[in-house]
Amino acid sequence: MQTVTDLLFRLPMRESHREGIPILPGGLPLVGHAPYNLGDTLTFLRNAAARVGPLFWTKNVGNYLLVCMGEPGFELLKNRVTSSEFIREQVPDFVGDSLLSRDGVPHRSLRSAMSGPFTPRGLTSSGAATISAEVIEACVAGLPQGPFSLLSHTQGLALDIIFRIMGIERSELDAWNRHYREFILGAIPLKIDLPFSPARRARQGRLWLDARFSRLIAAARGKPEMPGTLSALLAAKDEEGRPLGDPDLVQNLRLLALAGHETSASVMAWLGIVLAQRPDLWEQLRDEAVAAPGLPRSPEELKRHPFAEALFREVLRMYPPVSVTARQATEELELHGKRVPKGTMITVPIGVYGYDPALYPEPERFDPSRWMGRRLPPSALETAAFGGGPHFCLGYHLAWVEVVQFATAFARELARRGMRPQLAPGGAPPKLRYFPFGQPPKRTHLEFVRA
Ligand code: HEM
């Protein structure tokens with residue numbers, strides 16, 4: 001495929017190598033390759049590797065970042081010779097001292113305390129899977145006939161699910177949503193702290209959320225029978241038998257809202273968009289969904305939805321919400337036969353693994369049947385969209401349950417109305433763009449028509 005980046009890569013290279021590793025050509029003055037990494041990131045990275053090989057430097061606003069493709073890149077996620085702790089310094093107010101930015105023993109003990117409520121059994125026994133099913137059914141029942149932006153609906157839905165499983169009352173969701181939107185302005189890399197600036201609004205949003213999380217935790221401590229994930233987290237213990245303290249709970253509840261919202265929202269929206277373009281897949285999903293007694297809420301019930309699960313996996317393969325993650329080398333390494341100095345920042349393109357023709361014949365073809373009829377669970381590389389190693393997504397099973405519930409609810413609701421989805425004319429074409437999460441355009445619109 002010919003893109004602007006292909007043309008840029010053909011420009012003459014002034015400085016071609018650093019530490020014996022090729023520097024990707026085509027960097028722009030001052031900003032380097034940063035603009036290409038927003039937008040069609042997956043194509044950019046695949047074209048770059050085709051041009052200079054699986055290990056190369058990119059420039060990002062004056063800094064060199066090493067990109068490592070293939071299995072050696074995936075291996076780095078195990079954090080044996082790399083670390084994720086740099087995240088705490090880079091975005092202290094945003095990710096803070098949470099699971100994502102810890103390593104070694106501090107990460108292991110926090111993770112062991114938090115894992116139970118996010119296992120398939122934990123999601124069922126805490127009632128989180130039931131809460132999620134109820135929120136999804138209500139949202140899907142309220143979808144208009146169209147044209148409408150499905151992404152706008154799924155963004156609200158995914159955030160409501162996270163907040164409701166934390167025990168936040170329905171009547172308070174609007175206030176939480178509003179302050180959360182202020183908090184995520186912290187992702188904008190403009191740190192000028194003036195009244196109404198993104199940095200000031202993000203800090204105020206975070207202070208509001210943290211104060212409310214503290215109140216929520218205090219209230220939940222007095223109500224151990226309360227359904228949902230917060231109660232389960234309060235009852236959880238790490239491998240040494242210690243419970244989670246309030247500061248860890250606040251930091252990580254904030255992380256859960258951040259990590260588990262735009263990602264799931266994007267997958268649900270892509271799923272609807274794919275179904276709108278593929279009546280054959282729509283019919284297969286509808287038949288499976290209406291044959292079930294309702295939305296799955298337990299691992300056993302989930303097994304009755306193999307086609308919805310296959311759609312979940314194929315959407316994640318082709319439209320991964322997270323394109324890349326990063327690690328810092330804690331010692332000198334060898335990657336693809338080249339020496340990489342200690343301290344190097346390394347980008348691991350987790351979104352690109354889904355396009356590996358060795359794993360997926362005809363990777364550009366959307367084909368959920370690749371995932372059907374398997375006896376073994378997906379391999380680590382097949383779930384690369386959720387990362388790998390000790391930081392593998394804590395919310396993997398929740399995302400799986402939510403998306404299968406959403407697909408089933410969507411199909412059941414439309415079958416009840418005697419309708420099917422289609423792309424509404426005049427909207428934006430559904431192209432995957434990263435900013436920084438991968439999503440369909442908000443202006444890609446769906447409408448429901450007579451089946
Ligand atoms: C389709 C949906 C999702 C995708 C694609 C996704 C992707 C990821 C990825 C790639 C990572 C690893 C980042 C790294 O290693 O640098 C991660 C970590 C994480 N995710 Fe997810 N995620 C999703 C949904 C969720 C949900 C629903 C939740 C929570 C409710 C969640 C919570 C987390 C947490 C807490 C971590 C950090 C784990 C750790 O550092 O130990 N995610 N996710």
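Atoms within a ligand are numbered from 1 in the order they appear, just like the ligands themselves. Nothing fancy with the numbering, it's 1 onward along the sequence.
For ligand 1, the atoms lying closer than 4.0 Å to a non-hydrogen atom of A385 are 5 (C), 7 (C), 10 (C). Near R111, meaning under 4.0 Å from one of its heavy atoms, ligand 1 places the atoms 38 (C), 39 (C), 41 (O). Under a 4.0 Å criterion applied to the non-hydrogen atoms of I350, ligand 1 contributes the atoms 10 (C). Residue V267 has at least one heavy-atom neighbour below 4.0 Å for each of these atoms of ligand 1: 1 (C). Interface atoms of ligand 1 facing I162, defined by a heavy-atom separation under 4.0 Å, are 30 (C).
Taking a cut-off of 2.8 Å, the protein N, O or S atoms nearer than that to atom 21 (Fe) of ligand 1 are C393 SG.
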For a quick test of your reading: what N or O donor-acceptor pairs under 3.5 Å do the side chains of residues 227-242 make, sequence neighbours left out?
| from | atom 1 | to | atom 2 | distance (Å) |
| --- | --- | --- | --- | --- |
| S231 | OG | M226 | O | 2.8 |
| D238 | OD1 | E240 | N | 2.9 |
| D238 | OD1 | G241 | N | 3.1 |
| D238 | OD1 | R242 | N | 2.9 |
| D238 | OD2 | R242 | NE | 3.0 |
| D238 | OD2 | R242 | NH2 | 3.0 |

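Rounding to the nearest 0.5 Å places CE of M114 at 7.0 Å from CG of L253.
Under 4.0 Å is where a charged nitrogen must lie from a carboxylate oxygen, and between E19 and K338 no such pair does. With salt bridges taken as basic N to acidic carboxylate O contacts below 4.0 Å, one links E364 and R46.
Contact analysis puts P390 in contact with ligand 1, with a non-hydrogen atom separation below 4.0 angstrom. Within the 4.0 Å heavy-atom cutoff, L77 does not count among the residues contacting ligand 1. In this structure, R327 has a heavy atom closer than 4.0 Å to ligand 1. A heavy-atom separation below 4.0 Å is not found between H261 and ligand 1.
Cation-pi contact between R18 and Y64: present, with separation from the ring centre below 6.0 Å and deviation from the ring axis of at most 45°.
For residues 381-396, the salt bridge (Lys or Arg N to Asp or Glu O under 4.0 Å) pairs, not counting sequence neighbours, are R374-E382. Counting only residues at least two apart or in different chains, side-chain hydrogen bond (donor to acceptor under 3.5 Å, both in side chains) contacts with residues 428-441 comprise E262-Q439.
Remark: aromatic rings of F183 and W176 are distant, center separation not under 6.0 Å. Ring centroids of Y353 and Y360 are separated by 6.0 Å or more, keeping the two rings apart.
Of the polar atoms of S264, none of the N or O atoms is found under 3.5 Å from an N or O of ligand 1, judged by distance alone.
Using cut-offs of 30° and 60° on the angle between ring planes, the pair F312 and F386 is tilted.
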Walk me through it: do E300 and K303 pass the test salt bridge (Lys or Arg N to Asp or Glu O under 4.0 Å)?
CA-CA 5 Å; E300 294 72 31; K303 286 198 191 113; 5.4 Å; no
